[in-house]
Amino acid sequence: MQVEEYKPLIVAFCCNWCSYAGADLAGNNRLNYPADVKIIRVPCSCRVNPMFILRAFQRGADGVILCGCHPGDCHYTSGNYYTRRRMALLFSMLDYLGIERERTRVEWVSAAEGAKFAATMNDFAQKVASLGKNKRLEDLRCKK
Amino acid sequence: MQKVSREILVDKAISLLNQGVVKAVFGWRKGEFDYDVTPAVFTTEKDIKENFVFNGFCGANFSKYLVAKTVNFDGKILVFLKSCDTYSFNQLLTEHRFDREKVYAVGIPCDGMADISKVKEIAGDGVSKIDFEGDMMKVTTLYQDEPVEIKLGDVLLERCYNCKSKKHVAYDELIGEDGEVLDSNRFDEVAKLEAMTPDERFAFWQGELSKCLRCNACRDVCPACTCEKCVFDNPNSGVENKAAANSFEEKMFHIIRAFHVAGRCTDCGECSRVCPQNIPLHLLNRKFIKDINQFYGEYQAGEQVGSRAPLVNYTTEDVEPCDVFKGGEENA
Ligand code: SF4
Ligand code: SF4
Ligand code: FES
């Protein structure tokens, strides 16, 4: 019997100025990363509010990763410093509610780091795959 | 026993009203029963004399009411504040939510307020009358011949057992002596949860949050929740006003509610007090407070007017989100 390989659905929020360009570079260099990573471009990592992360899970994501410029390099000077605090608290809260830690991540990826982008996505997808489907934060009505 | 009596507060209110210092008084109004005490605005001496109450059920924090009441009000309003309430008062001032000039704040001492659900657990249903005598309350019920005697200290609100401060951080005038900031054990329960396995934590929260009726009382009472338009009233939010449709919505609502006040929540305990389902909401708020203290340094919202809340602040050396679990791997 052939078992269909489980592929996690991953949502990656990428800031326009660094990480999205990093993803572009990964593509230009023909670096492989899982096709199940869906990128959502945001103007800055701090555009992402906690609702976005939860909403992604609601709509069926198994893992959510947020990528932005390296601290100090944010196009808007300090956006990613706020992101860092917000996400630290949110992830800690999700963990407190018993949601698996590996389902969320923040990574800083610059426009020159195409290789890092691909490596990060491969690693993250693998970790999430090992956790299996997101059951604890799913909304049954959003299931097709 | 409360160190301050109803008579003292009534006299104070009436004299300030009659002197013209204030034009209205925030107070606790008698409800149908001795324990259902409602926040109310009094404007006449007669009304105050007849309906103003002060007893062990005056937990309600008036700070948030000032936002709506002062807006188009001409003159000052008198507000009585317990020490915990003064933190909310300051936090609202920090956020420019009301005009300090329009308020006359009188700090009152407090020895803790009672939780009616704990009283009912002991005395049973059908509570018809509660008389206070010093530290004791005599609870008359429909089903028992003799009144049940209960010590106030045995039925306090959760927040009062873990009172963080008897010191008033804001007032124009103080009745009685001021107390001290206390060393409370308010993070103990949070630490216990943190020490559980993720499966246990998930089961715990699933059990608690699935009781939620989405009455929104916790949001409505919260002095940190003062947005005029709330995300939970937005029909596109997926968690607008209605019973949560499934376990995701329950969690979404509670995570977002607690997150929106993270760094601004003074731990006043009103949300847990009003929850008709007795959901320990303070355990969510205190998790944020505990994390903030640990990651970004001790911070007590409302302690000082004008202090910058941790989530609208940063340092270049802040902990990375992926590192927040370091050192706690054993509970992964
Ligand atoms: S979240 Fe609860 S404890 Fe915190 S300020 Fe609001 S009502 Fe008070
Ligand atoms: S007060 Fe309690 S039941 Fe009502 S919405 Fe808040 S948590 Fe749910
Ligand atoms: S612009 Fe990239 S993180 Fe702000």
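Lettering of chains follows the sequences in order, A, B, ..., and the numbering in each one begins at 1.
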Asks: Compute whether any side-chain donor of one residue and acceptor of the other, for D115(B) and S117(B), lie under 3.5 angstrom apart.
Replies: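 S117(B) and D115(B) do have a side-chain donor-acceptor pair below 3.5 Å.
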Asks: Would you kindly check if the NZ (Lys) or CZ (Arg) of R41(A) is within the cone defined by 45 degrees around the ring axis of Y20(A) and under 6.0 Å from the six-membered ring centre?
Replies: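 R41(A) over Y20(A) ring: yes.
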Asks: Will you find, in the side chains of E158(B) and N162(B), an N or O donor that is under 3.5 Å from an N or O acceptor?
Replies: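 Checked: E158(B)/N162(B) side chains pair up, N/O donor to acceptor below 3.5 Å.
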Asks: Can we say R105(A) and E107(A) salt-bridge, meaning some charged N sits less than 4.0 Å from an Asp/Glu carboxylate O?
Replies: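 Counted as a salt bridge, because a side-chain N and a carboxylate O are separated by less than 4.0 Å.
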Asks: Checking an interface table here. Which of residues 251-269 of chain B come within a heavy-atom distance under 4.5 Å of chain A?
Replies: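 Only K251(B), M252(B), I255(B), I256(B), F259(B) of residues 251-269 of chain B have a heavy atom under 4.5 Å from chain A.
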Asks: Okay, side chain of R219(B), backbone of C225(B): is any donor-acceptor separation there less than 3.5 Å?
Replies: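 Not at all, since once roles are kept as given, no pair shorter than 3.5 Å links the two residues.
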Asks: Could you name the residues of residues 291-303 of chain B that have a heavy atom within less than 4.5 Å of a heavy atom in chain A?
Replies: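 Only D291(B), I292(B), F295(B), Y296(B) of residues 291-303 of chain B have a heavy atom under 4.5 Å from chain A.
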Asks: Cation-pi check, R136(A) to F202(B): give yes when NZ or CZ is under 6.0 Å from the six-membered ring centre and within 45° of the ring axis, no otherwise.
Replies: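 Yes, R136(A) lies over the aromatic ring of F202(B).
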Asks: Determine which residues belonging to residues 272-287 of chain B lie within contact range of chain A, meaning some heavy atom pair is under 4.5 Å apart, and list them by number or answer 'none'.
Replies: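 Hits under 4.5 Å: L283(B), L284(B), K287(B).
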Asks: Need one label for E317(B): side chain, backbone, both or neither, based on atoms under 4.5 Å from any heavy atom in chain A.
Replies: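 The answer is the backbone of E317(B).
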Asks: Give a yes/no verdict on a cation-pi contact between R214(B) and F232(B), requiring under 6.0 Å between NZ or CZ and the six-membered ring centre and an angle within 45° of the axis.
Replies: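 Pair R214(B)/F232(B) counts as cation-pi.
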Asks: Between the main-chain N or O of H70(A) and the side-chain N or O of N80(A), is there a donor-acceptor pair closer than 3.5 Å?
Replies: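 Indeed, once roles are kept as given, a pair shorter than 3.5 Å links the two residues.
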Asks: Could you tell me whether K290(B) and E194(B) have a side-chain N and a carboxylate O separated by less than 4.0 Å?
Replies: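 E194(B) and K290(B): salt-bridged.
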Asks: Please determine whether a side-chain nitrogen of the Lys or Arg among K229(B) and D233(B) lies less than 4.0 Å from a carboxylate oxygen of the Asp or Glu.
Replies: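 No salt bridge links K229(B) with D233(B).
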Asks: Taking every heavy-atom pair that is under 4.5 Å apart, which of V312(B), L193(B), V319(B), N313(B) has the most such pairs with chain A?
Replies: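 Most heavy-atom pairs under 4.5 Å with chain A: N313(B).
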Asks: Can you list the residues of residues 182-192 of chain B that sit under 4.5 Å from chain A, counting heavy atoms only?
Replies: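 Listed by number, the contacting residues are V190(B).
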